Amino acid sequence: MNIHEYQAKELFDRFQVPSPKGQVASTPEEAAEAARQFAGSKLVIKAQVHAGGRGKGHFKNGFKGGVHLIDSPEQAAEFAAKMLNETLVTVQTGESGRLVRKVMIAEAVDITHEYYLAILMDRASCRPVIVASTEGGMNIEDVAHGSPEKIFRQAVHPLLGLQPYEVRKVTAALGLSGDLAKQFSKLLANLYKLFLECDCSMLEINPLVTTPDGRVLALDAKFGFDDNALYRHPEIVAMRDKEEEDPREVAASEYDLNYIGLDGNIACLVNGAGLAMATMDVIKHFGGEPANFLDVGGGASKEQVTAAFKIILGDPKVKGIMINIFGGIMDCNIIAEGVIAAAKETGLPIPLVVRLEGNNVEAGKAALKASGINITTAATMAEAAEKIVALVN
Ligand code: ADP
Ligand code: MG
């Protein structure tokens, strides 16, 4: 799960990670009102979407940039009107872009230097890793590509925790000294605490800045959380913005289904992640393109299967469905009942190939046959994939 920058600020405040004051707004009037609250300071207006690269992005209405310096409440309203309910395209959103539903008005600060600072869970070393660079700002991707030696990494032992000498190494890598080093050390320790206590999977501040008046501040924030740990953070779950997520994935998460939308046109409904991957591979092997990864799990109920089937059918790109079930724990008849219920509700307008094997398979096959729905059956996984690819083409 991800959150918006204005929400990340709440977490920064809670963990004493310094950042400029900000206020979210959904209308130009609210933007002007927020700007009035910060009267006297220079201001910035920032589009709030779950994607970076906003500064260099552009709106489909022709307006350039999702981050702007402004200097009055009137200008806040004027810029908000150009950004709100408009689609922002950045390097991270893809061509379709993201609809901007909120903007943040924040205090603008003078910048001496922009740094990059992130903490992420590194699967290779099984540790949190601090990533830092002196070359922060809007071109960090180019730096990672062109001069990777400018990116410093410091792994942290998960049980020992962040050690003072590790903090000193990161501080030195950023070339900070004196009072700035002191402020940065405190910020990093607090940020690490935030990362652990909130079960983040990644946390990125780009840029982290130093200012002419000698402060160290987080100017941007991108957070990812470990979905498996969300149950112990109701206050973070409350920040979820479902409008920023793939609607197919939102529906799937409501039914506890493991679903990931893809770009192809052959939907798969499978039990078990390994089998789901193999099914996608075999579809590709026969020249097809999977429309999704969908694992209904080992103990799915009829309701879950029905929901899964409806999510698949709700995707206009889907031109055919392949069901591939190996019932080790899963009862094949439950799959059959779920499919029949969903097909009866939706009418099943596209080809469906079913391969069932395992626990209670005879009952499942008999139920499908008796239902009268138009189903192509297959005895093996390869046969099923070959058939669905042929039907879709
Ligand atoms: P993104 O990474 O999506 O482009 P940022 O929040 O990093 O968005 O903003 C882009 C740039 O705008 C930053 O690199 C920084 O130079 C400037 N900026 C962002 N917030 C502020 C602020 N509060 N004060 C001054 N400049 C800012
Ligand atoms: Mg940024």
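Both counts, for ligands and for their atoms, begin at 1 and track the order of listing. All residue numbers in this chain count up from 1 along the given sequence. This structure is a prediction, so every number in the text was calculated from the model and none was measured. Scope of the values below: all heavy atoms of this structure, side chains included, with no hydrogens, waters or symmetry mates.
For the side chain to side chain donor-acceptor pair (under 3.5 Å) criterion with K222, the lone passing option out of E5, Q92, E204 is Q92.
Among the atoms of E204, no N, O or S atom falls under 2.8 Å of the Mg ion (ligand 2).
Here the protein heavy atom with the shortest distance to atom 24 (N) of ligand 1 is V109 N, 3.0 Å. If you check which protein heavy atom lies closest to atom 21 (C) of ligand 1, you get L219 CD1, 3.4 Å. Protein heavy atom at the shortest distance from atom 12 (O) of ligand 1 is V67 CG1, 3.6 Å. What sits closest to atom 2 (O) of ligand 1 on the protein, heavy atoms only, is D220 OD2, 3.0 Å. The nearest protein atom to atom 4 (O) of ligand 1, hydrogens excluded, is given as G55 N, 2.8 Å; this is a heavy-atom distance. The protein heavy-atom contact nearest to atom 10 (C) of ligand 1 is M138 SD, 3.8 Å.
Among the heteroatoms counted here (N, O or S) of D220, OD2 is the one nearest to the Mg ion (ligand 2).
Ligand 1 is approached by I111 to a heavy-atom distance shorter than 4.0 Å.
Not one N or O of A106 is nearer than 3.5 Å to an N or O of ligand 1, by distance alone. Between G53 and ligand 1, an N or O atom pair is found at a separation short of 3.5 Å. Polar contact check, A51 against ligand 1: no nitrogen or oxygen pair lies under 3.5 Å apart.
Looking only at atom types and distance, the side chain of S253 has a donor-acceptor partner in the side chain of R240 under 3.5 Å away. Under the 3.5 Å distance criterion, with hydrogens and angles disregarded, a donor-acceptor pair is assigned to the side chains of K56 and N139. A donor-acceptor contact closer than 3.5 angstrom links the side chains of D331 and N360.
We find that K42 and E107 are not joined by a salt bridge, their nearest charged nitrogen and carboxylate oxygen being 4.0 Å or further apart. With salt bridges taken as basic N to acidic carboxylate O contacts below 4.0 Å, one links K82 and E78. A salt bridge is defined here as a Lys NZ or Arg NE, NH1 or NH2 lying under 4.0 Å from an Asp or Glu carboxylate O, and R98 with E244 meets this definition.
The six-membered or imidazole ring of Y115 lies away from that of F152, with a centre-to-centre distance of 6.0 Å or more.
Relative ring orientation between H50 and H4 is described as tilted, the plane-to-plane angle lying within the 30° to 60° band.
Between the choices K42, R54, K222, E204, the shortest heavy-atom distance to atom 1 (P) of ligand 1 belongs to R54.
Only the side chain of E114 comes within 4.0 Å of ligand 1, judged by heavy-atom distances.
Atom 27 (C) of ligand 1 is flagged as protein-proximal [any protein heavy atom, distance under 4.0 Å].
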